Amino acid sequence: MAYQAPRGTYDRLPDESKKWEFIVQTFKRIVEGYGYGELVTPIIEDTELFVRSSGETSDVVSKEMYTFFDRSERSLTLKPEGTAGVVRSFIQHKIGAQGGVHRFWYMTPIFRYDRPQKGRCRQGHQVGLELMGTDSIYSDAEVISITSDFYKALGIKDLTIQMNSIGCLQTRKTYCEALLEHLQSYLISLDDHLQQKIKKNPLRLFDSKDQVVQDKLSTAPSILDFLSVESLSRFKKLEKILSKQGIPFCINSSLVRGLDYYNETVFEVVANNIGAQSSLCGGGRYDSLVKELGGPATPSCGVAMGIERALMVIPDFSEHLDWLDVYFVAATKSAEDTVVELCRKHRDKGVKCNFDLDFKSIKHQMKQADKMGAKEVVIIGDDELEKNIVTIKNMKTGEQRTLLMDEFLSLEMKE
RNA sequence: GCGGGUGUAGCUCAGUGGUUAGAGCACCUCACUGUGGAUGAGGGGGCCGUGGGUUCAACUCCCAUCAUCCGCCCCA
């Protein structure tokens, strides 16, 4: 094999693209229903932007970024996530200068230099949204409600949204101390990797799949008990709002997120049977990020959904792939010109149609029609030409009828 | 970055240190000279991932490499 797609990347072929399109269109329809507008940012940004937003100690920044110098020695990085670019754009265009609430959605490739595995490519894709300019608890609820709408519309049943509050900076600081104290007697027995992790951010321990760690953490204090009065009451209110809207969720007090900019509400949707990379999406509040990156104080929240992961869980609908409405069949050589002409006319009317470019046997042409999922086949042969009619076959029922050519041409496409 | 599995036809996979490497599905042709999904018959398809080594002989054994899958890690 001469060339192949680089490690961790893949070609998306037409059948897959149909499903892909379905996911993106569904997302778009839902967010536009909430008044979100698309914000497209470049695929590359200054490296510094990601370092400052995701956090220098995060794994994403410390070892997974596609960073390079351009010909002018600028350090650039292929986006490893979607939020930073949106925030940068928000600040650059002074969108928040007059205050107010702003809603954006995006679809973007993301790049992480990581060992490929099921559900994890080096070039992945996300759709996501950012709701910026308010700390209203209803904004948390809106983002979660969109997330719920989205997966429901994709036909995914039994999804559960896991939710947690990691409070404010002070809460996390106090909590980490308590966590360390709880683990103290046992810290020395941990391996280097976990030691490092604890030093950098003890909260990340919750992500570990190590059974011993998990056991120890199961008796640890819950971060929810450390929340300030305000944080706790807004989290309670969020629960109430979601319950009222019938959105299923569960509280998972060990849910932490990998990027440093999150605070207060964080959430995730997890699938059960797609392997180790089981998060379908992740999101939460990031109230200080805009300010940290040099913009006006702009409390915000958002969510990002992995498209590849959604692909793994949506129901299979390869059965009803219909590429065409009509397939034209030339039964005899003399009908070929007519077929080409009719096809042209139907395309002008917006009908999805085609014909066999090689004009092989009728059987072959019928087979092609079947394969393309054509709803109807229009057959033209000597008989039809002579009587100035067309034969129309419904491919689903197998029924056949004839129409005068003029009638056929004046037909409007039904449905 | 670490551990393990797998690379054979377009796809899913059998296979053996020894002539010419198989099956199912798919594809093409025919039975059916104007009709798809069904059946039957025939046919085309392979540097057995790549490079090296062991051997009289390697698709098979060994090493390396690339890719992929499953974990760890991390996350979408």
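Heavy atoms only: backbone and side chains are in, while hydrogens, waters and symmetry mates are out. This structure is a prediction, so every number in the text was calculated from the model and none was measured.
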Notebook entry, point to check: Do A:K393 side-chain and B:G36 base share a donor-acceptor contact under 3.5 Å?
Noted result: yes
Notebook entry, point to check: So which nucleotide does B:A23 pair with, by the Watson-Crick or G-U wobble rule with both distances under 3.5 Å?
Noted result: B:U12
Next item on the list: Mind checking A:S208 for me? I need base, sugar-phosphate or nothing, with any heavy atom below 4.0 Å counting as a touch.
Entry: sugar-phosphate
Margin query: So if I take every side-chain heavy atom of A:I110 and compare against B:G34, B:G37, B:A76, which nucleotide ends up nearest?
Written below: B:A76
Notebook entry, point to check: With a 4.0 Å cut-off on heavy atoms, is A:G283 in touch with a base, just the backbone sugar-phosphate, or nothing at all?
Noted result: nothing
Checklist line | Value in whole Å for how far the C1' atom of B:U33 lies from NZ of A:K363 | finding: 12 Å
Notebook entry, point to check: Any side-chain N or O of A:K118 under 4.0 Å from OP1/OP2 of B:C69?
Noted result: no
Note to self: Quick check: any donor-acceptor pair below 3.5 Å linking the side-chain of A:R120 to the base of B:C69?
What the structure shows: no
Margin query: If you assign A:S279 and A:P116 each to the RNA chain B nucleotide with the nearest heavy atom, which residue ends up on the more 5' nucleotide?
Written below: A:P116
Next item on the list: Assign A:G282 to base, sugar-phosphate, or nothing according to its heavy-atom contacts below 4.0 angstrom with the strands shown.
Entry: sugar-phosphate
Margin query: Looking at A:R115, I'd like to know whether one of its side-chain N or O atoms comes within less than 4.0 Å of OP1 or OP2 on B:C72.
Written below: no
Check: A:Q123 near the nucleic acid: base, sugar-phosphate alone, or nothing, with a heavy-atom cut-off under 4.0 Å?
Finding: nothing
Note to self: Given the structure, check if the side chain of A:Q400 and the base of B:U35 hold any donor-acceptor pair shorter than 3.5 Å.
What the structure shows: yes
Margin query: Quick check on A:K216: does its NZ atom have over 12 non-hydrogen neighbours (other residues, nucleotides or ligands) under 6.0 Å away?
Written below: yes
Next item on the list: Answer yes or no: does a side-chain N or O of A:K63 lie under 4.0 Å from OP1 or OP2 of B:G1?
Entry: no
Margin query: Below 30° counts as parallel, above 60° as perpendicular, anything between as tilted: where do the rings of A:F90 and A:H102 land?
Written below: perpendicular
Note to self: Need one value for A:I307: base, sugar-phosphate or nothing, where a base atom within 4.0 Å counts as base even if backbone is also close, heavy atoms only.
What the structure shows: nothing
Notebook entry, point to check: When you measure from the side chain of A:Q117, which nucleotide among B:G34, B:A76, B:G71 comes out closest?
Noted result: B:G71
Checklist line | Touch class at under 4.0 angstrom, heavy-atom based, for A:H125 against every strand present | finding: nothing
Check: Who is the Watson-Crick or G-U wobble partner of B:C72, with both distances under 3.5 Å?
Finding: B:G1
Note to self: Working note: A:R344 + A:D348, criterion salt bridge (charged side-chain N to carboxylate O under 4.0 Å, His left out); need CA distance, chi angles, decisive distance, verdict.
What the structure shows: CA-CA 6 Å; A:R344 174 71 259 162; A:D348 288 343; 2.7 Å; yes
Note to self: Under 4.0 Å, heavy atoms only, any strand: does A:G398 hit a base, just the sugar-phosphate, or nothing?
What the structure shows: base
Notebook entry, point to check: A:I362 has an atom CD1; how far is it from atom P of B:G34, in whole Å?
Noted result: 6 Å
Checklist line | Side chain of A:I379 (C-beta onward), nearest among B:G34, B:C73, B:A67 | finding: B:G34
Next item on the list: Any strand is fair game: report the nucleotide pairing with B:G40 by Watson-Crick or G-U wobble, both distances under 3.5 Å, or none.
Entry: B:C30
Next item on the list: Write down the partner of B:A64 under the Watson-Crick or G-U wobble criteria, each distance required to be under 3.5 Å.
Entry: B:U50
Notebook entry, point to check: Relative to the 5' end of RNA chain B, which residue comes earlier, A:M366 or A:C281, by the nucleotide with the nearest heavy atom?
Noted result: A:M366
Notebook entry, point to check: Taking A:V24 as the fixed residue, which of A:R29, A:H125, A:K19, A:M107 is the one that meets the side-chain contact (heavy atoms from CB on, under 4.5 Å) rule?
Noted result: A:M107
Notebook entry, point to check: CZ/A:R309 to CD1/A:I23 distance, rounded to the nearest 0.5 angstrom?
Noted result: 13.0 Å
Note to self: Just checking A:Y34: does its OH atom have more than 12 heavy atoms from other residues, nucleotides or ligands closer to it than 6.0 angstrom?
What the structure shows: yes
Next item on the list: Consider the side chain of A:H364, meaning its heavy atoms from C-beta on, and name the nucleotide among B:U29, B:G34, B:U68 that approaches it most closely.
Entry: B:U29
Next item on the list: Give A:M395 one of three labels, base, sugar-phosphate or nothing, depending on what nucleic acid heavy atoms sit under 4.0 Å from its own.
Entry: base
Checklist line | N/O donor-acceptor pair, side chain A:E384 with base B:G34, under 3.5 angstrom | finding: yes
Notebook entry, point to check: Any ion pair linking A:R74 and A:D70 (charged N to carboxylate O, less than 4.0 Å)?
Noted result: yes
